[in-house]
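Both backbone and side-chain heavy atoms feed into the values below; hydrogens, waters and symmetry mates do not. Along the sequence shown, residues are numbered consecutively beginning with 1. Counting convention: from 1, in listed order, for ligands and their atoms alike.
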Amino acid sequence: MKISVKTALVELDGDEMTRVIWALIKDRLILPHLDIKLEYYDLGVKERDRTDDAVTVAAAKAIARLGVGVKCATITPDAERVGEYSLKKAWPSPNGTLRGILDGTVFRKPITVRNIEPAVNAWRKPITIGRHAYGDLYKAVDFAVPGPGLAELVYTPAGGGAPTRLAVHEYSGPGVLMGMHNTDASIMSFAKACFAYALSERIDLWFAAKDTISKTYHARFKDVFAAEAAARASELRDAGISYRYLLIDDAVAQVIKHPGGFLWACTNYDGDVFSDMLASGFGSLGMMTSVLVSPGGAFEYEAAHGTVRRHYYEHLKGNPTSTNPIASIFAWSGALRKRGELDATPGVVRFADGLERAVIGLVEDGIVTKDLVALVEPSPAGYETTEGFIDKAAARLAAARA
Ligand code: NAP
Ligand code: MG
């Protein structure tokens, strides 16, 4: 009997090896078991090019409307990709567009299994990173200073009035200069998304910055988080979780000795850096999940890795691949669980749990793709192809549901 999913799920297809994996997951793990309406958007780079990227905007609006989306990894084109796929131009990152429209925060959580020991001995439970995905270094204006001169920050009030000028540096020779910004609205929606995620997962929340040095900029982040913690004090107490602020260097030192099981909220650059540290510390990029949470309550699930380009070129040559599909499978299970929660359909939630159990069970039995061979203890004798792994997961899932 197929399980009926009440509300349509927004599906965002993608590129290269992950597109190949995507079709296999849908065909072998999802559609045989679920009666589901998928609102499909093809975010493959050729379709983005054909529609002048309108398809990405339409997909983002569909996620905002329906509440839950699941996304395949996509190419962010650079000059080389423009040539490779004969594109009209280097379209912006689809994830950037989705984040912009949904005003969301990205949470990355590693999938942990019993037989993969994290690189850091202390880590027992997943550490989730919440990365503020707006502003700072990523929207900075920078400038190569040609020679001696005064650099200033100038703010001109929109309604008229005297500009504020602050001296940045008196250059005696060439150098570099950068202007960074953030907004209260974005910091607030980041803080709200972090508290909402921590409460929904019932895990402690840490936020870390450098307010001792950055007494206005980083201090604003700290104050906004403190205000949100105060506003939600009773919810935090009821959930049995806590909020703490740390200096970023203290946080880094403590993370290495902590058993895990908490959400680490990071400013944009810290999140970029530490999410990669955690991904490799917990195992493989193929085991890192990602979810974009909007303050309006929309969720978009995906794998944290890209389109695994090198493997795709092997696939195109007709060679077998051994690409880890687990993070992509968990994008589907995460989206389906959330859909089931929002629709109050426990059968869909149970299906998502069962799908994850089937996959984790395989890995814990030593049935893995190549990337996990060196990580799994005891070391398996061999490894599965991409399709072979998905087929074994499908058989295990079907057996568990029979
Ligand atoms: P990638 O897809 O993250 O893969 C980089 C390398 O990491 C792979 O070559 C592979 O290493 C390993 N790897 C990643 N995922 C794996 C998996 N599931 N199983 C096994 N190994 C895995 O990055 P990329 O190949 O450099 O980038 C390709 C495209 O992805 C780019 O066009 C980029 O724009 C895009 N991208 C998209 C997203 C997204 O949509 N969220 C995120 C990042 C990048 P080995 O080659 O050593 O086996
Ligand atoms: Mg990074």
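For Arg28, the CZ atom is densely surrounded, since the number of other residues' heavy atoms within 6.0 Å is greater than 12.
Using a 4.0 angstrom heavy-atom cutoff, Arg81 counts as in contact with ligand 1. Taking 4.0 Å as the cut-off, Lys370 does not count as a neighbour of ligand 1 on heavy-atom distance.
Remark: atom 44 (C) of ligand 1 lies closer than 4.0 Å to at least one protein heavy atom. Using a 4.0 Å threshold on non-hydrogen atoms, atom 6 (C) of ligand 1 does not count as touching the protein. Protein heavy atoms all stay at least 4.0 Å away from atom 26 (O) of ligand 1.
A salt bridge between Asp49 and Lys88 is absent, with no side-chain N of the basic residue lying under 4.0 Å from a carboxylate O of the acidic one. Taking the charged nitrogens against the carboxylate oxygens, Lys71 and Glu11 have no contact shorter than 4.0 Å, which rules out a salt bridge. Note on Lys210 versus Asp249: salt bridge recorded, some NZ/NE/NH1/NH2 to OD/OE distance being below 4.0 Å. Contact check on Arg99 versus Glu300 returns no salt bridge, with no Lys/Arg side-chain nitrogen under 4.0 Å from an Asp/Glu carboxylate oxygen. Salt-bridge check for Lys89 with Asp53: failed, with every basic side-chain N at 4.0 Å or more from each acidic carboxylate O.
Closest to atom 3 (O) of ligand 1 among all protein heavy atoms lies Gly306 N, 2.9 Å. Looking at atom 33 (C) of ligand 1, its nearest protein heavy atom turns out to be Thr76 N, 4.1 Å. At the shortest separation from atom 13 (N) of ligand 1 among protein heavy atoms lies Val308 CG1, 4.0 Å. What sits closest to atom 28 (C) of ligand 1 on the protein, heavy atoms only, is Thr307 OG1, 3.2 Å. For atom 19 (N) of ligand 1, the nearest non-hydrogen atom of the protein is Asn324 N, 2.9 Å. Of the protein's heavy atoms, Thr74 O, 3.0 Å lies nearest to atom 37 (C) of ligand 1. Looking at atom 48 (O) of ligand 1, its nearest protein heavy atom turns out to be His311 NE2, 2.7 Å.
When the heavy-atom distances from atom 9 (O) of ligand 1 to Glu16, Arg310, Glu80 are ranked, the shortest goes to Arg310.
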Go through the steps for Glu364 and Ile360 under the test side chain to side chain contact (heavy atoms under 4.5 Å, CB included), then give the verdict. CA-CA 6 Å; Glu364 293 186 342; Ile360 300 246; 3.7 Å; yes
Derivation and outcome, side chain to side chain contact (heavy atoms under 4.5 Å, CB included), residues Phe299 and Ser294: CA-CA 7 Å; Phe299 297 80; Ser294 87; over 6 Å; no
Would you sort out whether His258 and Trp206 count as a ring-ring contact (aromatic ring centres under 6.0 Å, His included), showing the intermediate values? CA-CA 12 Å; His258 199 280; Trp206 295 13; 5.2 Å; yes
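Residue-level proximity to ligand 1 for Arg309 is carried by backbone and side chain together, each with a heavy atom below 4.0 angstrom. Counting heavy atoms under 4.0 Å from ligand 1, residue Glu302 touches it through the side chain alone. With a 4.0 Å cut-off on non-hydrogen atoms, Asp15 does not touch ligand 1 at all.
For the residue pair Thr212 / Lys215, no side-chain donor-acceptor distance below 3.5 Å is found, with atom types taken as modelled. In summary, the side chains of Ser186 and His132 do present a donor paired with an acceptor at a separation below 3.5 Å, with no hydrogens or angles considered.
Here is the list of ligand 1 atoms found below 4.0 Å of a heavy atom in Lys71: 40 (O). Residue-ligand proximity, Ala73 to ligand 1, at heavy-atom distances under 4.0 Å covers atoms 40 (O).
In this structure, Arg237 fails the cation-pi test against Tyr243, since its NZ or CZ atom is not both closer than 6.0 Å to the six-membered ring centre and inside 45 degrees of the ring normal.
Annotation: His305 places an N or O atom under 3.5 Å from an N or O atom of ligand 1; distance criterion only.
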